[in-house]
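Worksheet for the structure shown next.
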Amino acid sequence: MGRIITERLVVSLLVILGSLVLVFSILYLLPGDPVLSMIDPSSMTPEAIANLRHQLGLNEPFYIQFSNYFLAILHGDFGKSLLNSEPVLPKIMKHLPATLALTLASTLISTVVGVGLGVLSAIHRNRLIDVLARIVGLFGISMPTFWSGILLILIFSVSLGWFPAMGSKGLITLVLPSLALGFVGAGFIVRMVRNSMLEVINEHFIVTLRAKGLSEKLVMYRHALRNALIPAVTIIGIHIGDLLAGTVVIETVFSRQGIGRILADAIMSKDLPVVQGVVFFSAIIYVLVNLLVDISYVFIDPRVRRTQ
């Protein structure tokens, strides 16, 4: 067990380092001059602009800029915003709770709806509940998050007035955006759980358990579901990364002050330190989630321990 966790930790650290190099490289190679987005070029002389670029270290070679950035991150310094000189790390930590709350609520909705409908769909194959579950899965996969978000606003905010359309204060403001994100994720999970359950149900050990006289409920929910969970847990872990990306759109639609919203604003204004900080933080969260998913395999399926 300890060796498995150690190996996963080492791999996760390498992935985080690789994501840092990749993010910095992409933003470094993007066209445009961040200095020109900070100032009015007509109000400064070329010498003053060159001096400002020198102060920010933007005229240094790539390897020097990256090494300086990497060393600063090791000391907890993610730089300052190019627009208002606000430190990036406090800005991210200020808006991170709103995004994490939205991601967790959406994941909960996706997991409960997806796993529940997927199991029922497999058990009652080709019946009404199976047809309804497949329809939910199809709509969830097909609908863009911005479209479902706008649709929920029109129905539950504008027409019915049940929930606020904007804001990020209070649990009530979480309902509509988490439903918009959660429904999309539920579509993927329904299909994955259904297919996994159908494969497990046809295994020989399920037939043996039924022949021994175990109840159908015990066979399905204790033995079949446990063996079908690994693909489902994998897709849930991947989906959390998709949710972090989807918050950029949803937080814009619902005017929520999360890291997705500040990322969109930073991209529009070419505020590179903020973009780098938000993307790197998102990569860390994504890697940690997948690390937990890998570790959970050991507890869900004992066969994983035996193969290590």
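Predicted model only: the values in this text are computed from it and were never measured. Just so it is clear, the values below take in all heavy atoms, side chains as well, and ignore hydrogens, waters and symmetry mates.
- For residues 119-142, every residue pair satisfying the salt bridge (Lys or Arg N to Asp or Glu O under 4.0 Å) rule, not counting sequence neighbours, is listed here: D130-R134, D130-R194.
- Distance check: L102 CG to F254 CZ gives 9.0 Å after rounding to the nearest 0.5 Å.
- The CG atom of L22 lies 11.5 Å from the CG atom of L17; values are rounded to the nearest 0.5 Å.
- L176 approaches L152 most closely through the heavy-atom pair O-CD1, 3.4 Å.
- Linking ILVMFWY side-chain heavy atoms closer than 4.5 Å, directly or via other members, places L13 and L71 in two distinct hydrophobic clusters.
- The aromatic rings of F156 and W162 lie tilted to each other, with the angle between the two planes from 30° to 60°.
- Partners of L128 by side-chain contact (heavy atoms from CB on, under 4.5 Å), not counting sequence neighbours, listed by chain and number: L132.
- Closest heavy-atom contact between V158 and L154: CB-O, 3.5 Å.
- Taken from OG in S106 to CZ in F183, the straight-line distance is 13.5 Å, to the nearest 0.5 Å.
- In the hydrophobic clustering of this structure, L108 does not group with V193; members are Ile, Leu, Val, Met, Phe, Trp, Tyr whose side-chain heavy atoms approach within less than 4.5 Å, directly or through other members.
- No single ILVMFWY cluster, assembled from side-chain heavy atoms under 4.5 Å apart, contains both F188 and V112.
- Note that CD1 of I129 is 6.0 Å distant from CG of L117, once rounded to the nearest 0.5 Å.
- A heavy-atom distance below 4.5 Å is not found between the side chains of F70 and V21.
- Applying the side-chain contact (heavy atoms from CB on, under 4.5 Å) criterion to I109, with sequence neighbours excluded, gives V113, S178, L179.
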